[in-house]
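Below you'll find the structure, written out as structure tokens, and then a few comments.
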Amino acid sequence: MIDPRILRDEPDRVRASQTKRGASSEVVDRALDADAARRGAIAAYEEKRAAQKTFGKQVAQAQGEEKQALLAQVKALSAEVKDLEVAQTHAEGAWTDALKAIPNVVADATPTGGEDDFVVLEQVGTPRDFAAEGFEPRDHIELGRLLGAIDLERGAKVSGSRFYFLTGIGAQLELALVNLAMDQARNAGFTQVIAPSLVRREAMEGTGYLDQGGGEDIYRIEGEEMYLVGTSEVPMAAYHSKELLDGRSLPRRYASFSPCFRKEAGSHGKDTKGIIRVHWFDKVEMFVYTTLEDAAAEHERLLAWEKEFLDKLELAYQVVDIAAGDLGASAIRKFDCEAWIPTQGKYRELTSTSNCTDFQTRRLDTRGRFGDKTGPIATLNGTLTAITRTIVAVLETHQQADGSVRVPKALQPYLGGLEVLTPVAEVTGA
RNA sequence: GGAGGCGUCGCCUAGUCUGGUCUAUGGCGCCCGCCUGCUAAGCGGGUUUGGGGCUACAACCCCAUCGAGGGUUCAAAUCCCUCCGCCUCCGCCA
């Protein structure tokens with residue numbers, strides 16, 4: 001949630017942000033009213049409560065008849081305090097609800113508009129011209145089958161649509177990508193993390209994912225109040241919840257590996273074939289805790305690390321500045337890196353990095369100690385590699401006419417020096 | 001899965017049976033000051049976090065905070081219930 005002080009002191013800034021997102025600023029006025037009501041309720045309760053406490057001391061000291069008389073009086077007061085406390089709790093609840101309904105205040109630099117109003121910041125590399133090379137590129141499904149790397153049929157048989165097995169070189173490829181990503185992160189000073197992908201309600205709620213469409217896209221464990229995460233951003237954001245971190249320990253950079261589960265509700269008919277959009281994939285995610293002052297600069301660094309990784313894979317991609325209306329509630333700015341997918345003839349999202357400032361930490365109660373003061377802390381996240389889409393991009397981009405795939409130089413050491421992935425003699429498909 | 005124990009303001013700890021004098025004890029650590037050739041020791045004071053009022057977002061005053069949330073009561077660290085976490089034992093298991 002946003003800083004109540006910004007809401008109180010600069011409501012117009014919040015309204016402007018809402019407008020930029022193409023959303024109503026009615027929530028702002030609702031929250032302001034709720035804030036006023038809350039403060040009134042607090043003052044009323046505290047005043048009576050103080051009186052009750054004073055009275056209580058007299059009761060404790062009194063004896064006999066005097067005590068009985070005092071008890072009779074304080075009983076009425078006690079009932080009043082109880083009512084006022086209930087009223088205060090309600091007012092407080094209404095206020096947090098109203099506050100939670102307000103998305104983060106977007107950055108000045110964030111483009112105005114919706115899904116189609118993104119701004120292309122730069123394009124790196126040139127998409128391969130297969131026509132000039134004289135052959136028709138195969139899609140990742142066919143390449144995966146030829147290489148014995150991706151088994152979609154058995155994925156569907158065992159787990160249903162949008163599932164897959166990575167086999168042979170496909171499995172090796174995942175491990176290689178994970179290691180390449182983890183090594184890069186470690187060399188950049190990140191702490192490597194293997195995070196739980198099953199979390200309790202608190203963690204899921206804290207990151208705000210349950211609010212989005214009522215948690216439509218999230219797998220819940222039957223009768224357990226536990227959830228499968230869609231990204232390790234969830235466990236990593238909750239990692240330091242209810243903690244007061246030493247400001248001098250910032251930035252804290254984590255590179256977290258976890259499987260990610262998404263129901264993909266509402267994406268029927270989109271990317272139905274292959275492994276572009278699946279219910280489960282593994283991902284290495286960068287997650288950073290830092291100061292509010294440093295957040296924007298850190299965001300640029302995260303983007304740079306994402307680009308570094310894509311460069312190592314020798315992919316052609318573009319960097320996109322996502323528009324306000326297409327931003328998640330917690331982000332003030334988001335950059336996507338979209339790699340060129342030859343058989344689709346377009347750029348598709350491979351990585352994404354968001355600056356969430358203090359929006360998540362406020363909800364999850366993570367704060368910092370700075371000198372003799374405490375203050376908010378910012379979080380940022382960014383994909384290093386989402387395995388399935390990375391594999392799609394690598395296979396399609398570096399394929400050769402005979403169905404083999406050239407291994408990018410940086411990845412070769414992680415595949416035992418292998419320079420080319422070659423089709424297997426016997427395809428393991430049905 | 002079964003049985004039991006525990007959770008106190010950085011750490012350790014008193015208090016819980018027998019509710020009010022707890023504005024939570026003491027020690028350690030830390031901070032400020034005094035003393036002192038220097039250091040150590042000693043002496044005095046301070047040392048949770050959040051919120052509200054008032055304001056210079058200071059000082060000050062108030063409310064909450066004894067794992068979390070409810071309940072009983074005029075009054076809860078203390079009694080009752082639920083949940084969370086940790087520990088011990090048994091069972092099961094990769």
Side-chain angles (χ1 to χ4, degrees), chain A residues 1-11 13 31-100 194 196-206 220-227 234-235 238-249 259 291-293 358-377:
Chain A
M1 61 186 122
I2 65 166
D3 185 347
R5 209 158 323 181
I6 292 178
L7 178 72
R8 207 177 298 160
D9 298 344
E10 309 167 79
R13 240 184 89 196
L32 282 171
D33 291 345
D35 188 28
R38 161 183 160 267
R39 288 151 85 188
I42 287 172
Y45 161 73
E46 286 187 353
E47 191 190 330
K48 276 279 187 271
R49 173 65 177 158
Q52 187 198 27
K53 282 179 71 170
T54 313
F55 228 107
K57 273 168 200 157
Q58 291 175 38
V59 173
Q61 284 164 5
Q63 294 294 328
E65 277 182 41
E66 193 194 349
K67 185 160 189 164
Q68 293 311 311
L70 283 170
L71 277 182
Q73 289 181 56
V74 80
K75 249 179 188 170
L77 188 56
S78 170
E80 274 184 81
V81 168
K82 205 152 278 182
D83 288 347
L84 287 171
E85 187 179 8
V86 169
Q88 192 232 46
T89 307
H90 276 277
E92 202 103 33
W95 174 68
T96 32
D97 286 350
L99 205 56
K100 279 181 181 174
I194 311 283
S197 45
L198 197 55
V199 299
R200 70 167 78 250
R201 187 186 183 89
E202 259 175 272
M204 197 53 94
E205 235 165 25
R220 190 176 57 241
I221 304 299
E222 184 89 21
E224 287 251 9
E225 284 304 306
M226 294 207 67
Y227 301 81
V234 173
Y239 189 60
H240 287 303
S241 61
K242 299 178 190 134
E243 289 184 28
L244 189 53
L245 301 177
D246 186 344
R248 290 168 300 185
S249 70
T291 61
L292 286 179
E293 295 71 34
D358 54 342
F359 193 83
Q360 295 179 320
T361 52
R362 217 170 269 284
R363 256 178 108 133
L364 287 157
D365 189 24
T366 303
R367 291 163 299 137
R369 173 176 292 289
F370 305 96
D372 55 357
K373 282 189 174 157
T374 61
I377 279 183

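Lettering follows sequence order; numbering is per chain, from 1.
Here the shortest heavy-atom pairing between A/Ala238 and A/Ala203 reads CB-CB, 3.7 Å. Minimum heavy-atom separation, A/Thr366 to A/His240: OG1-O, 2.9 Å. In terms of heavy atoms, A/Ile42 sits closest to A/Gln88 at CG1-NE2, 3.6 Å.
The side chain of A/Arg369 contributes no N or O atom lying less than 4.0 Å from OP1 or OP2 of B/U48. Distances shown here put every side-chain N or O of A/Thr374 at or beyond 4.0 Å from the OP1 or OP2 atom of B/U49. Put simply, A/Arg49 has a side-chain N or O that comes within less than 4.0 Å of OP1 or OP2 on B/A64. For B/A75, one of the phosphate oxygens OP1 or OP2 lies less than 4.0 angstrom from a side-chain nitrogen or oxygen of A/Ser78. At least one side-chain nitrogen or oxygen of A/Arg200 sits closer than 4.0 Å to the OP1 or OP2 atom of B/G85. Between A/Arg39 and B/G51 there is no side-chain polar atom (N or O) within less than 4.0 angstrom of OP1 or OP2.
Of the listed nucleotides (B/A64, B/C74, B/U48), B/C74 has the atom at the smallest distance from the side chain of A/Gln52.
Comparing B/A3 with B/A94, their C1' atoms are spaced 25 Å from each other, to the whole Å. Comparing B/G70 with B/C11, their C1' atoms sit 31 Å apart, to the nearest whole Å. Atom name C1', nucleotides B/A77 and B/C9: the rounded distance is 12 Å, in whole Å. Of the P atoms belonging to B/U65 and B/U23, the separation is 12 Å, rounded to the nearest Å. Rounded to whole Å, the C1' atom of B/A14 lies 5 Å from the corresponding atom of B/U25. Separation of the P atoms belonging to B/A76 and B/G71 is 12 Å when rounded to the nearest angstrom. Distance check on atom C1': B/G15 versus B/G7 gives 15 Å, rounded to whole Å. The separation of B/U16 from B/U78, taken at their P atoms, amounts to 12 Å, rounded to a whole angstrom.
Side chains of A/Pro376 and A/Asp3 form no contact here, defined as non-hydrogen atoms less than 4.5 Å apart. Looking only at side-chain heavy atoms (C-beta outward), A/Tyr227 and A/Leu198 stay at 4.5 Å or farther from each other.
Between the CD atom of A/Gln88 and the C1' atom of B/G52 there is a distance of 9 Å, given to the nearest Å. Residue A/Leu99 contributes atom CG, which lies 15 Å from atom C1' of B/G50 at whole-angstrom precision. Regarding A/Ile6, its CD1 atom lies at a distance of 14 Å from the C1' atom of B/C57, rounded to whole Å. Atom CZ in A/Arg367 sits about 10 Å away from atom C1' in B/U48, given to the nearest Å. For A/Arg5 and B/G50, the CZ to P distance is 11 Å, given to the nearest whole Å. Straight-line distance from the CH2 atom of A/Trp95 to the P atom of B/G51: 8 Å, rounded to whole Å. In this structure, A/Glu47 atom CD and B/G53 atom P are separated by 13 Å, rounded to whole Å. Counting to the nearest Å, the C1' atom of B/C63 and the NZ atom of A/Lys53 are 7 Å from each other.
Taking 3.5 Å as the limit, the base of B/G51 and the side chain of A/Glu46 contain a donor-acceptor pair of atoms between them.
Annotation: of the two residues near RNA chain B, A/Ile42 and A/Lys75, the 5′-most nearest-nucleotide partner is A/Ile42. Comparing A/Arg38 and A/Lys82 by the nucleotide of RNA chain B whose heavy atom lies nearest to each, the residue mapping closer to the 5' end is A/Arg38.
Using the Watson-Crick or G-U wobble rule with both distances under 3.5 Å, B/C83 pairs with B/G67. Across all strands shown, B/C34 pairs with B/G42; the Watson-Crick or G-U wobble distances both stay below 3.5 Å. Base pairing analysis places B/C60 opposite B/G53; the two distances defining the Watson-Crick or G-U wobble pair are each below 3.5 Å. Base pairing analysis places B/U16 opposite nothing; no Watson-Crick or G-U wobble pair with both distances below 3.5 Å involves it. With a 3.5 Å ceiling on both atom-pair distances, B/C22 lacks any Watson-Crick or G-U wobble partner.
In this structure, A/Thr361 contributes its side chain and A/Ile377 its backbone to a donor-acceptor pair below 3.5 Å. In this structure a side-chain-to-backbone donor-acceptor pair under 3.5 Å is present from A/Arg363 to A/Glu205.
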